[in-house]
Amino acid sequence: LGQFAAEVVAEIAAFLHQHGRQAELRNLHGHGVEAGAGHLQALQRIAFAGVEAQCDHEGRGRKSADAREGRVTCGEPGRIGGAQRQVIELANHMDPNRYEVHVCSLSDYVPLTPTLHHADVRLHVIRKRWKFDFTVVPRLYTLCRELGISVVHSFLFDAEIASRLAGRMAGVSAVINSERNSNYRLKNRQKFCYFLSRSCMDITIANSTAGASFSSTLLMQKISRYRVVHNGVDTERFKPGDLSTIRQSLGFDKDALLVGFFGSFKVQKNHPLAFMAMRHVFESVPHARLVLVGDELYGGMHGSSDYKHKM
């Protein structure tokens with residue numbers, strides 16, 4: 001995860017260096033910044049603006065602003081989306097002696113707050129009070145100015161548009177968007193917003209080459225404006241353990257071949273495809289078992305509850 005965080009910073013630095021934005025780097029809070037070999041040697045403040053929860057201000061499920069993967073889902077930790085978890089890991093693993101990372105959410109429902117180090121001073125909530133709450137932009141602008149933010153890194157539609165506008169208004173050195181998915185659809189108004197604000201964004205960091213290529217085509221942006229940094233893995237939490245004990249607790253034979261499918265229950269995950277593939281596996285390995293790890297989205301939103309029942 002530390003390497004993952006370093007790669008994210010390196011990609012941001014590489015962009016600034018490539019486009020000759022040395023003046024902005026040198027003036028980051030009066031500290032000299034050297035961008036050499038595509039790496040940022042000193043970056044004072046980084047903001048991950050907006051991990052938008054899929055719930056309204058009363059904590060109930062609401063219709064998602066877009067269909068992309070990685071939204072923060074309201075519920076138990078096991079049902080938290082990848083975008084929020086990634087932001088928390090980035091914030092926790094960047095060197096605090098070199099980076100001051102702040103996390104800003106557009107919802108006051110942030111179930112991973114206990115896992116964010118020093119959340120009492122690093123977590124900021126700018127609540128989106130209704131569907132088209134344009135006051136988010138000036139409030140985010142104010143936060144960026146008060147904290148002296150240098151880089152804004154945003155996740156998901158609402159946060160990305162707000163960060164593009166607020167970041168440019170605040171004069172930050174770089175505005176970074178994210179892409180964590182592919183093969184989804186955007187509403188026409190969302191495409192229009194992305195198009196109008198395209199000049200306010202510097203680069204997009206994707207977690208896959210497929211995602212970068214898809215987003216480039218969908219948003220009609222040059223592929224040169226994308227960088228790919230694959231997801232990191234917490235090797236302290238996910239590591240080999242006592243398999244016999246774990247299998248026994250789950251009711252599996254110690255010699256059974258287990259195939260894991262990890263993901264929330266929603267149409268986009270395409271569980272039926274896994275089921276079709278497993279038919280072929282069962283033909284040659286009768287004792288194999290398919291393990292589905294995940295749950296429906298908070299409140300069964302987007303038809304998740306019905307989809308889970310159907311599966």
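If you read the sequence from its start, that first residue is 1, and numbering goes on from there.
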Hey, does Cys104 have a side-chain heavy atom less than 4.5 Å from the side chain of Leu143?
yes

Do the charged groups of Asp133 and Lys128 touch, with an N to O distance under 4.0 Å?
no

Is there a side-chain hydrogen bond (donor to acceptor under 3.5 Å, both in side chains) between Asp306 and Ser304 once you walk through the steps?
CA-CA 6 Å; Asp306 293 337; Ser304 177; over 6 Å; no

Ile88 and Arg85, any side-chain heavy atoms less than 4.5 Å apart
no

Please examine the side chains of His153 and Val87, heavy atoms only from C-beta on, and report whether any two atoms are closer than 4.5 Å.
no

Can you tell me if Arg247 uses its side chain to pair, donor with acceptor, with the backbone of Asp253 under 3.5 Å?
yes

Could you measure the distance from the NZ atom of Lys308 to the OG atom of Ser264? Nearest 0.5 Å is fine.
11.0 Å

Polar side-chain atom of Tyr141 near backbone of Leu165 as donor-acceptor pair, under 3.5 Å:
no

Which of Val136, Val125, Leu140 passes side-chain contact (heavy atoms from CB on, under 4.5 Å) with Leu106? Answer is Val136

Got a second to check how far Glu89's CD is from Met94's CE, nearest 0.5 Å?
12.0 Å

In the structure I gave you, are the side-chain heavy atoms of Arg164 and Tyr194 within less than 4.5 Å of one another anywhere?
yes

Has the side chain of Ser197 got a donor or acceptor atom that lies under 3.5 Å from a matching backbone atom of Cys193?
yes

Nearest 0.5 Å, what's the OG-CZ distance between Ser215 and Arg180?
13.5 Å

Using modelled atom types and a 3.5 Å cut-off, is there a donor and acceptor pairing between side-chain atoms of Thr204 and backbone atoms of Ser178?
no

Check whether any side-chain heavy atom of Asn207 sits under 4.5 Å from a side-chain heavy atom of Glu179, and report yes or no.
no

Under 4.5 Å between any side-chain heavy atoms of Val103 and Arg122, yes or no?
no

Do Arg279 and Phe282 meet the cation-pi criteria used here (NZ or CZ under 6.0 Å from the six-membered ring centre, within 45° of the axis)?
no

Are the side chain of Arg227 and the backbone of Ser224 linked by a donor-acceptor contact shorter than 3.5 Å?
yes

Main-chain N/O of Asp95 paired with Arg98 side-chain donor or acceptor, under 3.5 Å
no

Under 3.5 Å donor-acceptor, Ser213 side chain and Ala210 backbone
no

Would Met169 end up clustered with Leu196 when hydrophobic side chains under 4.5 Å apart are linked, directly or stepwise?
no

Verify whether the ring centers belonging to His309 and Phe265 lie closer than 6.0 Å.
no

So do the side chains of Val293 and Phe261 get within less than 4.5 Å of each other, counting heavy atoms only?
no

Pair Arg168 + Asp202: basic N to acidic O under 4.0 Å
yes

